[in-house]
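Reading through the structure tokens given below for one structure.
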Amino acid sequence: MSTYQEIVDREQKFLLNTYARYPLAIARGKGVYVFDVEGRRYLDFLTGLGVNALGHAHPRIVKVIRDQAAKVIHVSNLYYNEYQGLLAEKLCTASGLDRAFFSNSGTEAIEGALKLVRAAGHAVGGPEKSVVIALDNSFHGRTMGALALTGQPKYRKDFDPMLEGVRFVPRNDVEALRAAMDEKVCAIVLEPIQGEGGIQESSREFLQACREQADQHQAALIFDEIQCGLGRTGQLFAFQHFGVTPDVVCVAKPLAAGLPLGAFLAKEQFAQHITPGKHGTTFGGGPLTCRVALEYLAILEDENLLERVRRVGGYFAQKLHEFVGKFDIAVEVRGVGAIQALQLNIPGKPVMDGALANGLLINVTQENVLRFLTPFLLEERHVDKGVRILRKQLAAAQKQAKAEKKAAAV
Ligand SMILES: *Cc1c(COP(=O)(O)O)cnc(C)c1O
């Protein structure tokens with residue numbers, strides 16, 4: 001076994017310099033906890049960026065991975081396998097959509113959805129019908145198509161030229177949406193709750209306006225539920241929480257409990273425009289990942305986890321609201337269920353660092369938003385424990401901010 005420092009030094013020498021990692025090397029996990037290479041325990045309020053919804057080492061997930069790995073892991077999409085169709089059936093039935101395509105990641109689900117809506121657009125309106133409306137402050141992934149839909153300059157800079165034909169509008173701005181629509185639009189794409197953008201929710205009125213505008217212009221409404229979907233809101237699909245049904249929905253993060261699997265689901269009206277040869281993948285939809293995803297969905301039902309997400313998420317929200325009353329630096333609570341945030345008016349990094357040093361994993365987006373993507377297994381007692389750690393860190397950060405202000409004034 002390597003020491004923490006050996007692990008860090010090796011990565012810094014040999015890996016592409018893509019990540020400013022937090023100072024933690026994780027060796028294993030159990031339930032809502034992870035353990036570092038020195039055996040210290042951390043409460044996990046980030047779940048590998050929304051992936052480990054069932055926590056770590058769930059016995060049923062371990063069992064199906066063992067069993068399926070010994071049978072067959074990969075067959076390619078040249079052949080049938082038992083589990084891809086079963087998983088598609090389950091997701092289509094639960095969403096009310098008609099057909100699924102399986103990818104290896106969220107960004108690939110977005111890429112596939114983008115190809116689908118362009119093909120459908122061209123079929124009804126010719127090659128001109130290819131414009132996609134996306135939202136400011138969005139995040140849809142890092143490949144060129146998904147990046148072109150991502151309305152944050154920091155992710156796009158250095159990589160121009162982008163894919164043509166994307167128009168951005170501000171979230172919840174119905175007038176701007178209407179003004180951006182015309183016969184060239186083939187799709188509107190949005191996250192019902194922007195994740196990386198700081199846990200920013202769309203209003204029901206805005207989502208309804210998107211639904212109406214898409215219908216009026218023969219365009220597809222695509223929901224990117226890669227972060228907020230598959231149970232995080234307390235409903236299986238985030239669109240069920242908002243009561244507006246999209247034509248296409250993209251999911252990924254928790255789908256195969258940590259194995260790479262994404263999907264988009266589409267209504268037949270759009271899905272029919274993809275025929276053999278137009279899209280595909282080598283790895284996506286293999287028997288191992290699909291069987292694990294079926295187990296993930298079965299566990300949500302058997303353990304009644306969506307009910308738990310709603311209950312414990314409500315309890316956590318209440319505690320976060322108490323912080324807003326107590327600390328001047330805490331200004332707003334956003335989100336629902338297992339996707340929540342505390343907006344600060346100072347940088348969140350010292351709070352995150354302090355939480356890590358005291359055994360709690362969270363992260364910061366947009367400089368001053370503390371983001372919580374909690375495991376669905378969370379119980380009230382875990383919330384209490386996390387809140388105790390957060391309270392101490394918020395108090396320390398507030399004290400520091402006040403001292404700095406005072407020093408600047410003299
Ligand atoms: C994470 C994320 C993606 C990209 O998914 P990858 O699996 O990292 O490719 C796309 N959209 C949203 C909303 C995400 O949170």
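No experiment lies behind these values; they were computed from the predicted model shown. One-based numbering along the sequence shown. Counting starts at 1 for both ligands and their atoms, following the listed order.
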Is atom 9 (O) of ligand 1 touching the protein, meaning some protein heavy atom lies under 4.0 Å away? yes

So, for V324 and E332, which heavy atoms are closest and what is the spacing to 0.1 Å? CG2-N, 3.9 Å

Among non-hydrogen protein atoms, atom 11 (N) of ligand 1 lies closest to D224 OD2, 2.7 Å

Atom indices of ligand 1, in the order listed, that fall short of 4.0 Å to a heavy atom of E191: 13 (C)

Looking at atom 7 (O) of ligand 1, what's its closest protein heavy atom, distance included? G106 N, 2.8 Å

For ligand 1, does T107 get within less than 4.0 Å through its side chain, its backbone, both, or neither, judged by non-hydrogen atoms? both

N-O pairing of K71 and E82 below 4.0 Å: no

Classify the angle between the aromatic ring planes of F372 and F45 as parallel (below 30°), tilted (30 to 60°) or perpendicular (above 60°). perpendicular

Which option, K253, Q227, E196, H140, owns the non-hydrogen atom nearest atom 14 (C) of ligand 1? K253

I'd like to know if R211 pairs up with D215 as an ion pair, taking the criterion as any Lys NZ or Arg NE/NH1/NH2 lying under 4.0 Å from an Asp or Glu carboxylate oxygen. yes

Does the plane of the ring in H279 sit parallel, tilted or perpendicular to the ring in F101? Use 30° and 60° as the thresholds. tilted

Taking only heavy atoms of S105, which atoms of ligand 1 are found under 4.0 Å from at least one of them? 7 (O), 9 (O)

Ligand 1 contacted by I110 (non-hydrogen, < 4.0 Å): no

With the threshold set at 4.0 Å, does a side-chain nitrogen-carboxylate oxygen contact exist between E322 and K326? no

